Amino acid sequence: MTAPPPIEELHFDDAPNVDEVPGPRSRRLRERQRAAESSAVLYPTEMPIGFREGKGATIEDVDGNRYLDFFAGISVLNVGHANPYVAEAAAEQSHTLPHSLDFPTEPRLDLIEKLESIAPGGLAGASRVVFGGPTGSDAVEGSIKLAKQYTGNRGMVAFYGAFHGETSGAFSLSADGKYKRDYTPLLAEVEHAQYPYPFRQGVPPEEAVDRALDDVQTLLGDRYGAMPNPAGVWVEPIQGEGGVVVPPEGFMSGLRDLCDDYDVPLIVDEIQTGMGRTGEWWASDHFDVTPDAMTVGKGIGNGHPLSATVYREELDTWGPGGHTGTFRGYNVAMRAALRSIEYIEAHDLLDHATELGEYIRGRLRDVDSPLVGEVRGLGLFVGAEFVDRNGRPASDAVSEVRQRCMERGVLAWGGGRDDNVLRLLPPLVMTREQAETGLDIVCDAIEATADERI
Ligand SMILES: Cc1ncc(COP(=O)(O)O)c(C=O)c1O
């Protein structure tokens, strides 16, 4: 393939085009799954569809229904399902050398050098990369070890509303009491601070920032605070699972200053926000903040499992064997990742994500209903928080909207501390025309749901 094809050529032309959802074949597949697979399966409980082929920002199910995809495998398929420019390189690599531990290979070094060149702020050109195995949680585990080894300390600061993954260390940083309940104790010495969330807190943005930074300051600096030996502060630059919570101006930079003052590494989790999702390569770029370490996963391999921690050179003191693992040499995903970055560059998808995101937020804000309490986000990371007449979380309304959307061929996901945030995370290759069609359906669904409640 000589050139990455334009975004207009990536999709099923006729999506959305649905008949019965879920159709008979989907229902049969779901039954087989229910009979054979773990009860821990989640996504099909709300979206009981069996998929068979994806193309760009569209996806087809086993009954031939075609959908517009507004969740992209939760921020994974940033350059679209089965992007041919990515698939070509991945297929070629799987025929030559799929796996090679951490021996030096060209796909590996090409990707590392590329990641270093697009890393945020002062990390660009002055960083090291450690691959974390396939999942984002693996990268977070790596960042925990890195921070502890470098500082010799043990304490960890994270935030309410945070999600960093489900392996023990990452789960300890996550703040999801409901799912953590059965697995405590997790790692000791983790403290959570307030994340600035003015809409939920009912306070002005500046006050939300002050409260959050005061909490962190107390943990890091007050001798009567709770943290004797902080190894790092872990933060999502925009909370994803927590409900697309964009922190007000001053939070990320204030956090950076606090970490500098107390000489504690700042670890920014860009697993959901990275790879162009927010209209910059990393959400950190929006806030002009250089992390000491940054975790990357989800969209990096565009569906090929891969994760990494990118960190300041000075932190690289752990030496050979400091962080090892079998699947840290998956060249197929590395080739896919490099091609994904090239594709984003070739088609100016950062600017496209910025413009399309503004359009989508504008459409949601134009919905004339008190059900939509707040519309938030940056680039193609969009959240709409739903509230009832009394301003309380309306999670069932989000389910209803998503159900209505699905029946008309638009797939969207939820989120938020009370599951009351509609999350729209389309592939960055979604066209303006597709977004218009999709938002007609989403806005109709919101209005119909609101009407029913009056
Ligand atoms: C910010 C963030 N960090 C970490 C993770 C965990 O990644 P994974 O599910 O690949 O383990 C997620 C997953 O949603 C995430 O959103």
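Atoms considered below: every heavy atom in the structure, side chains included; atoms not considered: hydrogens, waters and symmetry mates. Keep in mind that this is a model prediction, so the values were computed, not measured. Order of listing sets the numbers, starting from 1, for every ligand and every atom in it.
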Quiz item: Any idea how Tyr183 and Phe171 line up, ring-wise: parallel (<30°), tilted (30 to 60°), or perpendicular (>60°)?
Solution: tilted
Distance filter under 4.0 Å to [X] heavy atoms, resulting ligand 1 atoms:
{"X": "Glu236", "result": "1 (C)"}
{"X": "Thr135", "result": "10 (O), 11 (O)"}
{"X": "Ser137", "result": "6 (C), 7 (O), 8 (P), 11 (O)"}
{"X": "Glu241", "result": "14 (O)"}
{"X": "Asp269", "result": "1 (C), 2 (C), 3 (N), 4 (C)"}
{"X": "Gly136", "result": "7 (O), 8 (P), 10 (O), 11 (O)"}

Quiz item: Is any side-chain N of the basic residue among Arg361 and Glu358 closer than 4.0 Å to the acidic one's carboxylate O?
Solution: yes
Quiz item: Taking N or O atoms only and a 3.5 Å limit, does Val140 qualify as a polar contact for ligand 1?
Solution: no
Quiz item: Side chains of Arg339 and Tyr343: is there a donor and an acceptor less than 3.5 Å apart?
Solution: no
Quiz item: How about Glu342 and Tyr85: does a side-chain donor come under 3.5 Å of a side-chain acceptor?
Solution: yes
Self-check item: Arg66 side chain vs Thr58 backbone, donor-acceptor pair below 3.5 Å
Solution: no
Quiz item: Are the side chain of Trp413 and the backbone N or O of Ala72 linked by a donor-acceptor pair below 3.5 Å?
Solution: no
Quiz prompt | Nearest-contact summary for atom 2 (C) of ligand 1 - protein heavy atom, Å | solution = Phe163 O, 3.3 Å
Quiz item: What's the shortest distance from atom 16 (O) of ligand 1 to any protein heavy atom, and which residue and atom give it?
Solution: Gln272 NE2, 2.7 Å
Quiz item: Under the 4.0 Å line, does any protein heavy atom show up next to atom 9 (O) of ligand 1?
Solution: no
Quiz item: Does Lys298 reach ligand 1, in the sense of a heavy atom lying below 4.0 Å from it?
Solution: yes
Self-check item: Inter-residue atom distance Lys148.NZ - Ser143.OG, 0.5 Å rounding
Solution: 10.5 Å
Self-check item: Ring centre gap for Phe251 and Phe159 strictly below 6.0 Å
Solution: yes
